[in-house]
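As the structure lists them, so they are numbered: ligands from 1, and atoms in each ligand from 1. Computed over heavy atoms, backbone and side chain alike; hydrogens, waters and symmetry mates excluded.
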Amino acid sequence: MVKSGNYSRKYSKEWDKEDGLREWVSRVPGDDTKAACRYCRTVIRAHRADLKVHSLAKKHKKNAELSTITGLFAAFPYGDKGREHTVDKDKADMKGEGDERALDAAVGEIVNPASVGFIGCGNMAQAMLTAFLKKGLVNPSLTIASAPSDRNLGKLRELGVRTTQDNNDVVISSDLVFVCVKPHQLTSMLGDLPPLGNHSPLFVSVVTGVSLGHLETMLCSLVENPRVVRAMPNTPSAVGQGCCLYALGTHTTPSDAETTSSLLSALGMSAQIPEYQIDAACGLSGSGPAYIYMAIEALADGGVKMGLPRQLAQTLAAQTVKGAGAMVLETGKHPGQLKDEVCSPGGTTIAAVHTLEQNSFRNSLISAVEASALRSKELGAKE
Ligand SMILES: NC(=O)C1=CN([C@@H]2O[C@H](COP(=O)(O)OP(=O)(O)OC[C@H]3O[C@@H](n4cnc5c(N)ncnc54)[C@H](O)[C@@H]3O)[C@@H](O)[C@H]2O)C=CC1
Ligand SMILES: O=C(O)[C@@H]1CCC=N1
């Protein structure tokens with residue numbers, strides 16, 4: 001008899017959502033009595049209890065740690081090439097009965113030591129790296145970052161990240177390279193890199209304004225058919241509340257698309273967009289945190305002016321922005337309707353709204369987004 005619920009003998013789609021399973025478990029196409037472990041590249045019976053035991057095995061934990069980016073680079077060859085596995089092995093492993101040397105050899109054989117590199121370690125790189133480390137998506141010892149001086153590198157070393165002042169060290173030892181320099185630094189930085197031979201990492205550029213076409217042309221001198229992604233993140237990524245929009249280059253593969261999507265979604269919200277929308281995304285979400293920080297500061301000043309202590313005023317301002325954002329995202333209501341719900345007839349809010357309109361509040365924000373987007377286009381044209 002096929003049992004149901006947690007004890008199902010068939011692959012359950014609930015496992016794809018369950019913390020502790022969803023990170024590594026996968027369907028085996030064509031066989032719903034099996035489940036695959038992306039970390040260990042093994043096929044296990046689709047029994048929830050077996051999956052739980054497997055997740056506790058030392059070997060599985062070691063593979064999880066070594067796989068650096070959860071299941072991203074370890075493109076698991078489902079079905080035919082996946083090794084059959086039983087929980088008895090896991091149980092022995094948990095009791096320490098496994099042969100440690102054989103285990104290490106097996107781990108060495110099956111784990112893809114994928115590594116991630118950062119060229120440029122300023123505000124944006126640090127925000128992204130902080131998010132990846134916090135979520136355990138990158139293994140610090142397999143992560144390398146470069147900058148011309150040691151100013152930012154020391155902070156990264158404290159996090160266990162390898163650092164260098166030679167960008168080539170990053171490129172040659174990484175499967176994925178984040179390019180995080182300022183637009184005017186890009187051409188000379190790439191021009192200094194020697195050709196890469198057979199090594200062809202995925203490049204993810206966060207450099208504002210620089211198009212995929214231009215990036216591909218510049219990277220052609222390093223590698224044939226460079227695989228490039230152009231991304232527009234923002235600094236709230238550091239606390240997992242960022243936005244990251246991205247466009248895929250000509251030579252990216254479906255696996256690159258999956259890698260990019262999985263990794264960038266760790267920053268908060270992420271989505272693939274057509275490249276022509278990236279400048280607008282820069283104007284809105286790339287630069288947007290700065291507008292909102294100014295709004296928070298000004299709201300807090302208003303609170304202080306009207307008698308609130310500074311710290312309380314700042315907390316109220318930030319929480320009000322956070323709460324209003326969450327209302328828009330979670331209720332799905334139009335912001336105009338939500339505004340109306342705050343405005344009592346003849347009340348306080350509508351008096352304030354009138355003042356904001358007299359001072360071109362909405363016009364100022366629209367113009368701010370426009371100015372940033374136009375500047376992004378302009379920076380690209382210069383490169
Ligand atoms: N800060 C932000 O909110 C956002 C920034 N961006 C883009 O991200 C890129 C980086 O911006 P930030 O991190 O804010 O700048 P930043 O100035 O904080 O960081 C740039 C880093 O690049 C390093 N650098 C300079 N020349 C280099 C070279 N030849 N090789 C290696 N590293 C070098 C600098 O030492 C610095 O640490 C820019 O292109 C920016 O437009 C995109 C979205 C948001
Ligand atoms: O100000 C800049 O140029 C970058 C791009 C988006 C946010 N900061």
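At most 12 non-hydrogen atoms from other residues, nucleotides or ligands lie less than 6.0 angstrom from CZ of F361.
If you look at L186 next to ligand 1, there are no close heavy atoms at all, none under 4.0 Å. Only the side chain of Q185 comes within 4.0 Å of ligand 1, counting heavy atoms alone; its backbone N, CA, C and O stay farther away.
Scanning the protein for heavy atoms near atom 10 (C) of ligand 1, the closest one is C180 O, 3.3 Å. For atom 34 (C) of ligand 1, the closest non-hydrogen atom of the protein is P148 CD, 4.3 Å. Protein heavy atom at the shortest distance from atom 12 (P) of ligand 1 is K182 NZ, 3.8 Å. Scanning the protein for heavy atoms near atom 39 (O) of ligand 1, the closest one is V181 O, 2.7 Å.
Atoms of ligand 1 found under 4.0 Å from any heavy atom of G120, numbered from 1 in the order shown, are 21 (C), 22 (O), 23 (C), 31 (C), 32 (N). Shown in contact with C121 at under 4.0 Å from a heavy atom are these atoms of ligand 1, numbered in order with element: 21 (C), 37 (O). Those atoms of ligand 1 that come under 4.0 Å of a heavy atom in G122, given as number and element, are 13 (O), 16 (P), 18 (O), 19 (O), 21 (C), 37 (O). Using a 4.0 Å cut-off to heavy atoms of P183, the atoms of ligand 1 that qualify are 39 (O). Against a heavy-atom cut-off of under 4.0 Å, V207 is close to the following atoms of ligand 1: 39 (O). Near P233, the atoms of ligand 1 lying under 4.0 angstrom from a non-hydrogen atom of the residue are 43 (C), 44 (C). Interface atoms of ligand 1 facing M124, defined by a heavy-atom separation under 4.0 Å, are 2 (C), 4 (C), 5 (C), 8 (O), 12 (P), 13 (O), 44 (C). In summary, the atoms of ligand 1 found under 4.0 Å from a heavy atom of I119, numbered by their order in the structure, are 31 (C).
Across T235 and A127, no two heavy atoms sit closer than the pair O-CB, 3.7 Å.
Sorted by first then second residue, the salt bridge (charged side-chain N to carboxylate O under 4.0 Å, His left out) pairs that include residues 139-161, not counting sequence neighbours, are D150-R157.
Considering backbone and side-chain atoms together, M232 places no N or O closer than 3.5 Å to any N or O of ligand 1. At a 3.5 angstrom cut-off on N or O pairs, N152 counts as close to ligand 1. Taking distance alone, with nitrogen or oxygen atoms compared against 3.5 Å, M189 stays at or beyond that limit from ligand 1. On a distance-only criterion, T208 and ligand 1 share at least one N/O pair closer than 3.5 Å.
Ring pair F118/F132 is tilted by interplanar angle, where 30° to 60° counts as tilted.
Protein residues with a heavy atom closer than 4.0 Å to ligand 2 are T208, C282, G286, S287, listed by chain and number.
Of the listed residues (V206, T164, D150), the one carrying the non-hydrogen atom nearest atom 7 (C) of ligand 1 is V206.
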